[in-house]
Amino acid sequence: MGKGFYISKPVGIVSIILCAGALATIIALSVVYSEEKAKNNNQVSPTDGGTTSKPPVTTLAPSNEPWDKYRLPKNLVPDHYNLTLWPRLTPDLTTGLYIFTGKVVFFHTRLLHSPVSRSRSACLCQQEFGSIPLRGKGMYHLYTKFTGELADDLGGFYRSEYMEDGVKKVVATTQMQPTDARKAFPCFDEPAMKAIFYITLIHDRGTVALSNGEEKGYPVTIDNQHVQKTVFEPTEKMSTYLLAFIVSDFDFINNTIDGVWIRIFARKPAIAAGQGEYALNKTGPILKFFEKYYNSSYPLPKSDQIALPDFNAGAMENWGLITYRETALLYDKEFSSNSNKQRIATIIAHELAHMWFGNLVTLRWWNDLWLNEGFASYVEYLGAHEAEPDWNVKDLIVLGDVHRVFAVDALASSHPLSSKEEDIQKPAQISELFDAISYSKGASVLRMLSDFLTEEVFTMGLRAVDANGTELPDTVHNIMNTWVLQMGFPVVTIDTKTGVVSQKHFLLDPDSEWIVPIKWMKTGAALGTEWVLANLNVVGYYRVNYDEENWGRLLNGLSTNHQLIPVINRAQLVDDAFNLARAKIISTVLALNTTKYLDKEREYMPWESALNNLDFFYLMFDRSEVYGPMQDYLRKQVTPLFNYYKTLTENWSKVPDGHMDQYNQVNAISLACRTGLEECQNLAKTWFKQWMDTNNNQIHPNLRSTVYCNAIAASGANEWEFAWSQFKNATIATEADKLRSALACTKQPWLLNRYLEYTLDPKMIRKQDATSTIVYIANNVIGQSLAWDFVRARWSYIFTQYGGGSFSFSNLINGVTKRFSTEFELQQLKQFKEDNAEVGFGSGTLAVDQSIERTTANIKWIAENKQNVLNWFRDETKPVF
Ligand code: BES
Ligand code: ZN
């Protein structure tokens, strides 16, 4: 059934590549990996006797001084640091600020003699760097004392706050990646400048101090203060961005697996409520899985994971002390949905995967970030599958990564996976790399490689690397280069009449070419009689188009016997068709026709794929005359699914067994309520009212997000206030998050505007949640323009106060503009770009251009499709007599 093909443009099938044996253990990835490994090994300690790095060009021209550049000169490298930090968890009496003090001794070597020069080293507070005059070769010790602010800015050494039994508690914690270690202490803050760290934390007695190594604490008296001194085991040789220092009064649970000590830390009440148990139970098996996968034992004696009330990203792979936002680590079956549970399993797997790939072996510079994040984003599914083998979670990479990134990689403003080292210099450029391309395209392309080499060969390649670097066979190198160096992806067109297979860049630049491994299946013996289907299980990072006849046969296959087509491919047919239509390669009517069989579909993946694509229709049409007929059609399609779940769950009293079925039950309810199915809306309102009346929440955690949202949308201020107070009092962050997103569903403009104001008040909405809350409001058709006005009016404040996050700006800009589809909105967007040229957009810079491009495309798309779409929905909902 499955066959592998290379195709090249335009001649079609050229050769069969089932020659994994010949490729042996050497694969593209292993080479990059091994080169990096070799480079890491080259980061010498002084006794190694030097490196191969070239002498720096020293010149007196001011424009060429090392401190005029963002990168550190390579003539001085750190060997080890003795670092002591003392964060104060109460404000300083004179300044009112929370501060930390510290001292650091760096031991570093100056490798190459250059008679008079300065070497830049530290990156202290406001300055990007400090400089030290040095002469001659040898080992230097540098000692500095420093003070910094322990601000609530989520970057560097920062503070997180929460209430416990009416008392405010403060945690000192860190987020260094990518360039904020320099905000915590003077250091050589580049990933390749690895060193050993001897860390000491000073803190109040009764609090716990954690860092990368194992801790040992004892009481001391400093300046008449009776404090605790915690000294940590020296770290491995490691990068600064992986350091972590935390002082809290958290509690923990622990176990030991084959000598590795595993602990889960969280706020005391969360630990007492057992919210760390799920993470603790899954960490051991996932760790064991990766030891097998990498064929290398976990490199440290301990693995700590900690849930923090304020945290910008989802989680961070600090070596030996992984930090999480609470929703990404804490689980409670009374409150958490199956989706929350899946996120916890996959995020743990993702961060544990970095313990080897990223931490032990580190990329030399940020331009290759995609390999680090893409790899972890691929293997997170393998690790999660190990933890939850019944879920079929590996299939979900198609929705979560492949389809997700296709949407952005189809734009001309996309970019290739790899960047040039010299193009990535400033912190904002580095932050910008943490995007869907690095994560999801990286994951998709590596998955494709693993599939076509076979997983066995792929992992053998990973394991076989050695410090010498291995020569890459040209074939594999060339194949990977087409995916890594070029942006975008191909659409492969299969003409079943002629047997010709051709490709072109999906959307733009028709000259690009990829080497595409194709897997396909067909029914019937001969071409032309039955359907042909390519890209089996969507392992390939490409879209597929067919001749009209074959599309017709596939549609017929869907409506007569859809089970014959594998479930992942049913999801893909829908996604390909909708996107080919957006690119004007096929007609929109053909795309809409792929949804006609959905009244018979019960599986999650095709439904989810359809809903994601129909979401685009909602965005384009929920303010237009198309809306009514579209709602009628979708209500008609979803009603059988709604009834199916009603029966299956015995009138909503049971939970479906399967993980995917649980997801699809949520889809059934969401879409039924969204399209106005009265029975569904009444259900949501009744359940919510019951909760308000009895103060006893009987709604199943899986259904809470959609039920809360629909109930709040259908009601007024009372319900909103109730939900807000439940949000403020929630004892678990996942419950708070469900309410926070549902609060954005109200149809009352005044409530939405007030909610927008709350997002910039950290007492109301935590800073970590500000931008995502604004995006929730923009998703609501009533909130769209309110959110856009709000962001425009407050941009410079948002930019300066909420600047830390890497994902948040691009998400914010994409989020508040994604409904844009008129000339007027386009003008506003361009004006916004111009007005804020001075302030800038930081890590959201690319998102502004993507939004302009998307808006332009939307305008054209609506002009060309609106009437057709309207007619189609009308036809499909015409009463039959
Ligand atoms: N290294 C990242 C965390 C990070 C992201 C640091 C951006 C600095 C800037 C971590 O490994 C990661 O990728 N976290 C993801 C979760 C993952 C499951 C995709 C996150 O935070 O969402
Ligand atoms: Zn990661």
Side-chain angles (χ1 to χ4, degrees), residues 153-156 158 173-181 183 189 191 238-244 279 282 286 290 305-308 310-319 321-329 339-363 366 368-384 387 393 396-397 400-401 404-405 424 427-444 446 737 768-769 771-772 802-811 842-844:
D153 58 359
L154 308 167
Y158 71 94
T173 183
T174 51
Q175 170 59 41
M176 306 305 201
Q177 196 186 22
T179 56
D180 277 342
K183 241 173 118 232
D189 198 11
M238 65 181 282
S239 308
T240 47
Y241 82 88
L242 293 167
L243 290 167
K282 296 301 172 188
I286 297 175
F290 283 123
Q305 296 175 97
I306 185 165
L308 296 159
D310 298 281
F311 190 79
N312 215 345
M316 174 66 213
E317 70 268 26
N318 313 298
W319 215 3
L321 175 53
I322 308 176
T323 43
Y324 293 82
R325 65 166 60 196
E326 289 193 351
T327 48
L329 192 68
S339 150
N340 296 144
K341 197 179 202 178
Q342 184 190 316
R343 173 153 159 91
I344 294 167
T346 48
I347 204 161
I348 291 176
H350 178 107
E351 306 310 336
L352 289 179
H354 278 310
M355 299 296 118
W356 290 261
F357 201 100
N359 299 8
L360 185 62
V361 177
T362 310
L363 298 166
W366 299 108
D368 278 330
L369 180 84
W370 76 269
L371 198 52
N372 195 15
E373 292 303 351
F375 186 83
S377 299
Y378 166 50
V379 301
E380 74 186 40
Y381 289 95
L382 312 186
V393 70
L396 294 178
I397 192 172
D401 292 283
R404 168 176 176 241
V405 70
I424 306 300
Q429 291 170 329
I430 299 168
S431 291
E432 213 173 350
L433 290 176
F434 291 82
D435 69 356
I437 299 289
S438 297
Y439 278 78
S440 295
K441 184 174 182 175
S444 307
L446 292 170
D737 262 17
Q768 62 169 9
D769 297 324
T771 54
S772 64
Y802 292 79
S806 287
F807 305 120
S808 52
F809 279 154
S810 49
N811 288 347
S843 57

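What's counted below: heavy atoms across the whole structure, side chains too, no hydrogens, waters or symmetry copies. The first residue of the sequence shown is numbered 1, and numbering continues consecutively from there. As the structure lists them, so they are numbered: ligands from 1, and atoms in each ligand from 1.
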- Note on the structure: Closest non-hydrogen atoms of Tyr241 and Glu317, given as atom of the first, atom of the second and distance, are CE1-OE2, 4.1 Å

- Item | From Leu154 atom CG to Gln175 atom CD, the distance as rounded to the nearest 0.5 Å | 9.0 Å

- Gly314 N/O under 3.5 Å from ligand 1 N/O: yes

- Between His350 and Tyr439, what is the ring plane arrangement, given parallel below 30°, perpendicular above 60°, and tilted in between? parallel

- Among Glu351, Gln177, Arg343, which residue places a heavy atom closest to atom 4 (C) of ligand 1? Gln177

- For ligand 1, which atoms have a heavy atom of Glu317 less than 4.0 angstrom away? 1 (N), 2 (C), 10 (C), 11 (O)

- Message: On a heavy-atom basis, I'd like to know which of Ile347, Ile322, Leu369, Ile348 is closest to atom 18 (C) of ligand 1.
- Response: Ile347

- Message: Distance under 4.0 Å to a non-hydrogen atom of Tyr439: what atoms of ligand 1 satisfy this?
- Response: 2 (C), 5 (C), 12 (C), 13 (O), 19 (C)

- One finds that the ligand 1 atoms under 4.0 Å from a non-hydrogen atom of Ala313 are 21 (O)

- Item | Contacting atoms of ligand 1, where contact means under 4.0 angstrom from a heavy atom of Met316 | 1 (N), 3 (C), 6 (C)

- Query: Just checking, any donor-acceptor pair under 3.5 angstrom between side chains of Asn318 and Thr323?
  - Reply: yes

- Does the pair Asp189/Lys183 count as a salt bridge with the N-to-O cut at 4.0 Å? no

- Task: Just say parallel, tilted or perpendicular for the rings of Phe434 and Trp366, cut-offs at 30° and 60°.
- Result: tilted

- Query: Quick check: does Ala315 get an N/O under 3.5 Å from an N/O on ligand 1?
  - Reply: yes

- Query: ligand 1 and Glu373, any nitrogen or oxygen pair closer than 3.5 angstrom?
  - Reply: yes

- Note on the structure: Numbered in order shown, the ligand 1 atoms found under 4.0 Å of a heavy atom of Glu380 are 18 (C)

- Item | Per-atom contacts of ligand 1 with Gln175, taking only distances under 4.0 Å to non-hydrogen atoms | 6 (C), 8 (C)

- Query: Are Tyr381 and Asp401 close enough that a side-chain donor and a side-chain acceptor fall under 3.5 Å?
  - Reply: yes

- Give a yes or no on whether Glu373 keeps an N, O or S atom under 2.8 Å from the Zn ion (ligand 2). yes

- Arg325 near ligand 1, heavy-atom distance under 4.0 Å? no

- Item | Where Gly383 and Ile286 come nearest, the two heavy atoms and their spacing | O-CG1, 3.8 Å

- Message: Does ligand 1 come near enough to His354 that some N or O of the ligand is less than 3.5 Å from an N or O of the residue?
- Response: yes

- Message: Can you give me the closest heavy-atom contact between Ser440 and Arg404, atom names plus distance?
- Response: OG-NH1, 2.6 Å

- Message: Run Tyr324 and Gln305 through side chain to side chain contact (heavy atoms under 4.5 Å, CB included) and show every step you take.
- Response: CA-CA 7 Å; Tyr324 293 82; Gln305 296 175 97; 2.5 Å; yes

- N or O contact, His350 vs ligand 1, cut-off under 3.5 Å: yes

